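Note sheet for the following structure.
All of these numbers come straight from a predicted model, not from anything done at the bench.
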Amino acid sequence: MTDPDPPVRLCFVCLGNICRSPTAAAVMARRVEEAGLADRITVESAGTGDWHVGEAPDRRAVAEARRRGVEMTSRARQFGPRDFARFDLVLAMDASNVAALRAIAPDPGARAKIRLLRSFDPEARGDLAVPDPYFGGPDGFANVFDRIDAACRGLLTALRHGRLGPR
């Protein structure tokens, strides 16, 4: 007998899909696997821009994730209006990503799926952006990983309890 409930489908979104969103997807996939929920929650990532389509994640993001025991194997892709139908929740890294997603959302239902990832971090205290580490050094990638991991843990807790947290 099959489970009547389809898996919850998540998409993490940043600008180019080579730093923050692939890190978030890899971290969340790891947390979901550790929780034994890989059959209940699916994870992908995308970017609002098309500059890096087809590229592997930034080597600095990959190195930081690997240092923490997380593997990143995705390829960059661009999020489009049709993607809203594929995902239950679209998790943006910052306000700029939220604005870009809202601009392409085909209807109010699609816009309602957009959330800031850090809105699920109970320690965020109003600072809901995951900063773009692309033009910085390795410390920026470590900081981003920490913020993403905390938010993904909060998101997993919210999903386990059947609530999606604050908007």
Side-chain angles (χ1 to χ4, degrees), residues 9-35 41-80 83-84 86-105 113-159 164-167:
R9 299 162 301 170
L10 309 175
C11 188
F12 296 89
V13 180
C14 70
L15 189 60
N17 193 217
I18 60 168
C19 296
R20 296 172 291 171
S21 58
T23 297
V27 168
M28 189 64 177
R30 180 62 167 296
R31 298 298 166 235
V32 165
E33 183 180 317
E34 290 171 349
I41 302 170
T42 65
V43 177
E44 292 184 38
S45 70
T48 58
D50 64 356
W51 311 279
H52 300 289
V53 169
E55 293 180 22
D58 185 288
R59 62 179 173 71
R60 298 165 296 173
V62 171
E64 184 61 33
R66 188 170 290 140
R67 189 175 76 75
R68 312 270 191 122
V70 174
E71 290 299 317
M72 294 174 59
T73 60
S74 64
R75 291 284 174 180
R77 72 174 197 82
Q78 186 175 19
F79 193 93
D83 285 318
F84 284 103
R86 294 184 49 228
F87 297 103
D88 300 302
L89 198 54
V90 180
L91 298 138
M93 298 299 125
D94 61 31
S96 172
N97 303 142
V98 168
L101 289 164
R102 284 186 177 149
I104 65 166
K113 294 179 179 185
I114 303 166
R115 301 282 183 87
L116 282 166
L117 172 60
R118 287 206 66 217
S119 68
F120 293 95
D121 179 353
E123 302 299 317
R125 298 194 192 341
D127 178 12
L128 300 182
V130 176
D132 191 343
Y134 186 76
F135 292 106
D139 289 350
F141 287 87
N143 177 24
V144 160
F145 191 99
D146 290 340
R147 288 179 186 218
I148 286 171
D149 192 35
C152 285
R153 288 174 189 272
L155 174 58
L156 184 58
T157 298
L159 291 170
L164 295 178
R167 288 193 172 212

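How far CG of Leu89 is from CG of Leu117: 9.0 Å, rounded to the nearest 0.5 Å. The distance from the CG atom of Leu101 to the CZ atom of Phe84 is 5.0 Å, given to the nearest 0.5 Å. Once rounded to the nearest 0.5 Å, the distance linking CZ of Arg9 with SG of Cys11 reads 11.0 Å. A distance of 11.0 Å separates OG in Ser45 from CD1 in Ile18, rounded to the nearest 0.5 Å.
Residues Trp51 and Gly16 approach most closely at CE3-CA, 4.3 Å, considering heavy atoms. Residues Asn97 and Val13 approach most closely at OD1-O, 3.7 Å, considering heavy atoms. Heavy atoms only, all atoms of each residue included: Leu155 and Leu10 are closest at CD2-CD1, 4.0 Å. Listed here is the closest heavy atom pair of Ala151 and Phe120: O-CB, 3.7 Å.
Residues satisfying the ring-ring contact (aromatic ring centres under 6.0 Å, His included) test with Phe87, not counting sequence neighbours, are none. In this view, Arg125 and Glu123 satisfy the salt bridge (charged side-chain N to carboxylate O under 4.0 Å, His left out) rule, not counting sequence neighbours. The side-chain hydrogen bond (donor to acceptor under 3.5 Å, both in side chains) search around Asp121 returns Arg118, not counting sequence neighbours. Legend: residues meeting salt bridge (charged side-chain N to carboxylate O under 4.0 Å, His left out) with Arg86, ordered by chain and number and at least two apart, are Glu44, Asp83. Shown here are the ring-ring contact (aromatic ring centres under 6.0 Å, His included) partners of Phe145, two or more places apart in sequence or in another chain: there are none. Scored by the salt bridge (charged side-chain N to carboxylate O under 4.0 Å, His left out) test, Arg30 finds Glu34 as partners (sequence neighbours excluded). Listed by chain and number, the residues in a salt bridge (charged side-chain N to carboxylate O under 4.0 Å, His left out) with Arg75 amount to none (sequence neighbours excluded). Scored by the side-chain contact (heavy atoms from CB on, under 4.5 Å) test, Pro131 finds Asn143, Val144, Arg147 as partners (sequence neighbours excluded).
Residues in residues 133-146 take part in these salt bridge (Lys or Arg N to Asp or Glu O under 4.0 Å) pairs, two or more places apart or across chains: Arg68-Asp146. The salt bridge (Lys or Arg N to Asp or Glu O under 4.0 Å) pairs that include a residue from residues 13-28 are Arg20-Asp94, Arg20-Asp132, where partners are two or more places apart or lie in different chains.
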What donor-acceptor contacts under 3.5 angstrom involve side-chain atoms of residues 55-63, with partners at least two apart or in another chain?
residue: Glu55; atom: OE1; partner: His52; partner atom: ND1; Å: 3.0
residue: Glu55; atom: OE2; partner: His52; partner atom: ND1; Å: 3.4
residue: Asp58; atom: OD1; partner: Arg60; partner atom: N; Å: 2.7
residue: Asp58; atom: OD1; partner: Arg60; partner atom: NE; Å: 3.0
residue: Asp58; atom: OD2; partner: Arg60; partner atom: NH2; Å: 2.9
residue: Arg60; atom: NH1; partner: Tyr134; partner atom: O; Å: 3.1
residue: Arg60; atom: NH1; partner: Gly136; partner atom: O; Å: 3.0
residue: Arg60; atom: NH2; partner: Tyr134; partner atom: O; Å: 2.8

Taking only distance into account, with no hydrogens and no angle test, what donor-acceptor pairs under 3.5 Å do side-chain atoms of residues 21-28 form with protein atoms, sequence neighbours excluded?
residue: Ser21; atom: OG; partner: Asn17; partner atom: ND2; Å: 2.7
residue: Ser21; atom: OG; partner: Ala46; partner atom: O; Å: 3.2
residue: Thr23; atom: OG1; partner: Cys19; partner atom: O; Å: 2.6

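Residues Phe12 and Ile148 are not in side-chain contact: their nearest non-hydrogen atoms beyond the backbone lie 4.5 Å or more apart.
Of the possible donor and acceptor atoms, one in the side chain of Gln78 sits under 3.5 Å from a partner among the backbone N and O of Thr48.
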